[in-house]
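Both ligands and their constituent atoms are indexed starting at 1 by order of listing.
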Amino acid sequence: MPGGKQIVMSGIRPTGFLHLGNYFGAIRNYVKMQDEFECFFMVADLHSLTTHPDTKELKANVHRVLAENIACGLDPDKVALYCQSHVPETAELYLYLNMMAYKGELEKTTTFKDKVRQNPENVNAGLLTYPVLQTADIILHRAKYVPVGKDQEQHLEMARTFANRFNHRYGDVFPEPQAFNYNQQLIKVPSLDGVGKMSKSENQMATLYLADTDDMIRKKVMKAKTDSGPVEPNSPKPDYIENIFLLMKLVSSDEVVKQYETAYNDCSIRYGDFKKQLAEDMVNFIAPIRSKVDAILGDEEGLKQIMKKGAEKANKSAGETMKLVRKASGLNYF
Ligand code: ADP
């Protein structure tokens with residue numbers, strides 16, 4: 001535990017533009033945690049290869065993820081902000097952990113089953129062992145807290161299982177990692193069409209990206225699924241209405257949310273007005289982030305230095321853990 005602080009680790013795949021789900025599920029927590037914890041945040045480039053084998057866009061995407069994290073308030077001087085592939089110990093720990101992960105439990109993972117359904121012609125071994133690589137990323141720094149969205153809950157459960165298995169077999173090396181959100185509950189930012197979550201590479205017209213222009217934000221919000229409104233006072237909200245209220249709670253003031261809750265409950269709500277208000281509040285939230293990203297992306301040399309410095313911090317921590325791992329698991333012959 002360097003400096004006596006608890007250790008935090010998390011990552012984002014460079015598979016496209018970051019969106020509101022990445023922000024509220026992950027980055028908002030990163031930014032708050034950087035002052036209280038010893039933080040390791042990475043661009044998960046190796047993970048992206050499981051579903052995005054074409055690497056033509058990879059460099060630009062890696063730069064974008066870094067720039068978007070920094071534009072949201074992450075300070076590379078306070079945290080280790082690095083690229084997964086710059087820490088080769090990750091691959092070594094992944095290999096050891098693969099001996100402790102069983103085919104049956106990996107095949108049952110929800111994200112694996114979803115990916116098989118979406119892409120039946122690319123069911124590679126990396127996809128199957130994705131939760132093992134993710135465990136290696138986390139426990140390589142002996143991290144305790146992992147700020148993630150709700151979609152990662154099962155992966156974190158598996159990380160605890162694999163870490164505990166290692167400890168049982170070879171002796172206590174790793175703490176049990178826990179999913180983390182400042183608001184206690186992990187969050188899922190829903191997509192605007194009422195189906196599933198916002199995502200980098202799926203349902204792009206129903207996902208709000210940090211790079212979207214003001215007009216694009218307005219267009220997407222105005223298309224969000226609604227209906228003709230409640231007919232009975234105090235009715236329960238259908239899922240897709242619950243979702244747009246959730247989005248409003250993320251970016252609008254308490255008074256605005258209260259005003260529309262009241263209008264919903266007394267059946268006077270007009271979804272056209274609701275969506276106009278939500279769109280303007282979204283624009284005000286996203287526009288300042290978007291404009292910072294462009295400036296950061298323009299400084300390629302600066303980004304290189306940030307990656308280098310991040311890799312140095314991550315390599316140091318990884319090296320220390322791997323010494324313990326090799327010793328505990330009997331792989332030391334000199
Ligand atoms: P994506 O699914 O968009 O490709 P990643 O898999 O790279 O995103 O996840 C990066 C982080 O963002 C993870 O912590 C994940 O839990 C979080 N995240 C992704 N989508 C959402 C969402 N819609 N709501 C909340 N958190 C999310």
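Listed by chain and residue number, the protein contacts of ligand 1 are G11, I12, R13, T15, H19, G21, N22, G25, A26, V148, G149, D151, Q152, I187, K188, V189, K197, M198, S199, K200 (heavy atom within 4.0 angstrom).
In this structure, K197 does not pair ionically with E202, as no charged nitrogen and carboxylate oxygen lie closer than 4.0 Å. A salt bridge links K316 with E320: the closest approach of a Lys/Arg side-chain nitrogen to an acidic carboxylate oxygen falls below 4.0 angstrom. One finds a salt bridge joining K309 and D77 here, because a Lys/Arg side-chain nitrogen approaches an Asp/Glu carboxylate oxygen to under 4.0 Å.
Between Y23 and Y30, the ring center distance fails the sub-6.0 Å criterion.
Listed by chain and residue number, T110 satisfy the side chain to side chain donor-acceptor pair (under 3.5 Å) test with Q154 (two or more places apart in sequence, or in another chain).
No more than 12 heavy atoms of other residues, nucleotides or ligands sit less than 6.0 Å from atom CD of Q184.
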